Number of protein chains: 2
Amino acid sequence: MPSSTVENYLKRIFLEQQAEPTGDIVSMKNLAGAMGVTAGTATSMAKSLADSKLVAYEPYGGVKLTARGRTVALRVLRRHRLIECLLVEALGLDWSEVHDEAEKLEHAISDKLLDRIDEFLGFPSVDPHGDPIPTAGGEIRHSALTALTEVEQGAEVRIARVLDQDEQFLRFVDRHMLRPGTRARVLVQDHAAEAVTVQSGKLPAVTMGRTAAAKIMVELIKG
Amino acid sequence: MPSSTVENYLKRIFLEQQAEPTGDIVSMKNLAGAMGVTAGTATSMAKSLADSKLVAYEPYGGVKLTARGRTVALRVLRRHRLIECLLVEALGLDWSEVHDEAEKLEHAISDKLLDRIDEFLGFPSVDPHGDPIPTAGGEIRHSALTALTEVEQGAEVRIARVLDQDEQFLRFVDRHMLRPGTRARVLVQDHAAEAVTVQSGKLPAVTMGRTAAAKIMVELIKG
DNA sequence: TATCATATTTTGACATATCAAAATTTCTGG
DNA sequence: CCAGAAATTTTGATATGTCAAAATATGATA
C-alpha cells in the first residue's frame, strides 16, 4: 500500500508528464515545484520511488512512471475525479471549490466505497472539469481535443476540459459560461493581439489572452 | 492543527473515559490496547499530548482530557458520525460497514464540507448506530436521561449511567452487557410484578426488579 | 574550451510515530 | 512487610518525509 505521499508524487508525475510535451520525463525541478518541496526532497523521493519500481529514475536526467507507477497514479486520479463528481452532484458544491477537498479525500476512500459512488453517479466518464475519469482497470480514454487557440474563427465548439485548477481561473470560466459541456462560438481569432473572442449562451462575448485560451480544450462541433 | 494520529488518540481517550465508570482517567494499558500500540508508545504520546495541553497526564496515574482535548475529540466524533450518516443515507451502505470508512474519512474532510453534509442530511442528532452527534461548537447534546423504569415497552435505549457503585450491582450490569454506551431493548415493562425485562447484544434477556432498573439511566433511541 | 549559472545530489539535521527490550514503579497476596 | 506480578517508563533503534546548505554535475556561452 503506497502512502498518500507516494500517491501524490505519482499523481503529480503523471500530470507533469502529460503537461510536458517535450518528452515525458519530469525534471527534479519541475517535480519539486509541483509538489511544493525542495529539490533535495524530490531527489530522495525519486530514488525511493525507483527502489519500489514505481518510476524509472536517471540521475541528472529525471523521472518517468513505470507501468506500475502509472497504474497507481491513475487509480488516484480516478478517486479524485469521482469524488469531485460526488461533491458536485450529490452535495451541490460548486465545481470551483471541490478540487482541494478531493485532494485529501482521494487518499482516504476504500475501493468498495469508490465503486458505490461510481454506481451512484451512473458511471460518469468525465469529472466536473471535463477531465476524463480513469476506469477501475486503470485505463484512460481520450477524445481528440483542441485548444481554443487552435480552432478557426467562426467555429462552434463544445468546451471539453479546463486545464487549470486555479480558483480564480475557474471562476472566470464560470462567469462566462465556459464550463465543460457547454457550447460556445469562436467569434474572433486575433493572432496579432494574441487574443481569442468567444461567446456562450446569451452572455456577451468575452475576449481572453492566448495563454488563457490555451488552457481551454474543446471539441469541434462545426467549422 | 492536530495530526490525524493525535486526533485518533484524543477520540479514543474520550470514548475510554466514557466507558470507564470507575472514574474518567484512562490507564496506559487501556489506551495502548484501544489504539493497538505498545504501552511505551502510549506513554510517549501521553506526554506529548500533555505538552500540547490536550490531556492531563499523571506519571503512573493515567490520562484525562483537558477542555481543549475534549473539544478536539468531539469535533472528530462529529465528523465520524456525520460521515456515517452520509454513507448510509446518501449512498445506501449498511450501517454495519460504515465505521471503518468513517474512521479514515473523518481526518480528511474540511469544516466547510462537513457543514454541507450536515445541512444535506437535515441536521441529524444521532448517527446510524444511535450515537449522538456533537454540535459544531464541540458540545454533545445529551438527550434527557430516563430511568429504565420509565421507558415504554419495546423501546430501544442506550445505557447512559449507572447510579450505583456497588460492586455486586456493577458486576450484574456487566454480566448482562448493560454498561454505559451499549444499546439495549426493553422487552417487557411489567408494572404489576414491578419488573423490567431488557436484552442487550446477543445475550439472552434479563428481568430485574424496579429498584434495580431505577438505578439504570438510559437515553431513548427509538420508541 | 573555460567559466559560470543552473540543476542536481549529498549530507546532516529534525519531527513524528512506532517497536522491542530493559529498567523502574506500583500493586497485591501471603 | 516483602516478594513477585503487573503496569509503566525509559532507552535505543527504525521508517518516513522534510529542510538547509554544501558539494557536484551539466550545459550554455563567450
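In this text the structure is predicted, and so the values were computed from the model without any measurement.
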Candidates A/E7, A/E101, A/E106 - the one meeting side chain to side chain donor-acceptor pair (under 3.5 Å) with A/H80: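 Filter result, single survivor: A/E106.
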
Step-by-step salt bridge (Lys or Arg N to Asp or Glu O under 4.0 Å) determination, B/K112 to A/E97: CA-CA 10 Å; B/K112 190 173 175 180; A/E97 57 188 0; 3.0 Å; yes

Pair A/R75-A/D111, salt bridge (Lys or Arg N to Asp or Glu O under 4.0 Å): steps then yes or no: CA-CA 10 Å; A/R75 273 213 267 269; A/D111 282 337; 5.8 Å; no

Tell me: [atom1] of [X] to [atom2] of [N], nearest whole Å?
X	N	atom1	atom2	result
B/K29	D/dA6	NZ	P	9 Å
B/L31	D/dT9	CG	P	11 Å
B/M28	D/dT9	CE	P	6 Å
A/E7	D/dT16	CD	C1'	15 Å
B/M35	D/dT8	CE	P	16 Å

Atom pair [atom1]/[atom2] of [X] and [Y] - distance to nearest 0.5 Å:
X	Y	atom1	atom2	value
A/D166	A/R171	CG	CZ	9.5 Å
A/L65	A/Y9	CG	OH	14.0 Å
B/L49	B/T5	CG	OG1	10.5 Å

A/D127 versus A/W95, side-chain donor and acceptor atoms under 3.5 Å: no

Side-chain touch A/L77/A/L15, heavy atoms, less than 4.5 angstrom: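 Counting from C-beta outward, A/L77 and A/L15 do come under 4.5 Å.
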
Bend angle of the helix from C/dT1-D/dA30 to C/dG30-D/dC1, from helix axes over five pairs at each end, nearest 10°: 10°

Check against salt bridge (Lys or Arg N to Asp or Glu O under 4.0 Å), A/K64 and A/E16: CA-CA 10 Å; A/K64 181 183 167 167; A/E16 290 294 311; over 6 Å; no

Axial cation check for A/Y57 ring with A/K47, 6.0 Å and 45° limits: no

Under-4.0 Å side-chain N/O to phosphate OP1/OP2 contact, B/Y57 with D/dT8: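 Negative; the distance criterion is not met.
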
Along DNA chain C, first and last positions that approach a heavy atom of chain A under 4.0 Å: C/dA7 to C/dT10

Contact residues, residues 37-53 of chain A to DNA chain C [heavy atom, < 4.0 Å]: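 Nucleic-acid contacts, sorted: A/A39, A/G40, A/T43, A/K47.
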
Trace of the side chain to side chain contact (heavy atoms under 4.5 Å, CB included) decision for A/E219 with A/T146: CA-CA 6 Å; A/E219 280 172 48; A/T146 319; over 6 Å; no

